[in-house]
Amino acid sequence: MNETPDMSSEMKQRIERSILDAKVEVVPRSGRHYEISVVSASFEGLSLVKRQQQVYAAITDLMGGDNAPVHAIDRLQTRSS
């Protein structure tokens, strides 16, 4: 069973709940790999690391353990505009 579309939607919703003004795109790749793009005015003035930490904080529980639904984020793009 392919759960990729549901997991993409779940990740998108979690990030949007965590970063309230975010515009989020989650693209499934092979296996349990994904690409994520997040645009948020709240990123203004933050370092790349701080931006990425906010995104990962929203989805970290989906990435833990051997049977986690998300194995890797192959590309994470964060922008303030």
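Side chains are part of it too, since the values below use all heavy atoms of this structure and drop only hydrogens, waters and symmetry mates.
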Heavy-atom closest pair, residues I19 and S40: CG2-OG, 3.4 Å

Taking every heavy atom of A68 against every heavy atom of M63, the minimum-distance pair comes out as CB-C, 3.5 Å

In terms of hydrophobic clusters joined by side-chain contacts under 4.5 Å, are V27 and M11 together? no

Reported CD1-to-CG distance for the pair I15 and L20, which is rounded to 0.5 angstrom: 13.0 Å

Of the non-hydrogen atoms in E10 and L62, which two are nearest, and what is the gap between them? CG-CD1, 4.3 Å

Which donor-acceptor pairs under 3.5 Å do side chains of residues 43-52 form with protein atoms, sequence neighbours excluded?
unit_1, atom_1, unit_2, atom_2, d
E44, OE1, S80, OG, 3.1
S47, OG, K50, N, 3.2
R51, NE, F43, O, 3.3
R51, NE, L46, O, 3.2
R51, NH1, T78, O, 3.3
R51, NH2, F43, O, 3.3

Nearest-0.5 Å distance that lies between atom CZ in R14 and atom CD1 in I59: 9.0 Å

Do the side chains of V39 and V24 join up, straight or via other hydrophobic residues, at under 4.5 Å, putting them in one cluster? no

Nearest heavy-atom pair of Q54 and S18: which atoms, and what distance? O-OG, 4.2 Å

In Å and rounded to the nearest 0.5 Å, what is the NZ to OG distance from K12 to S37? 11.0 Å

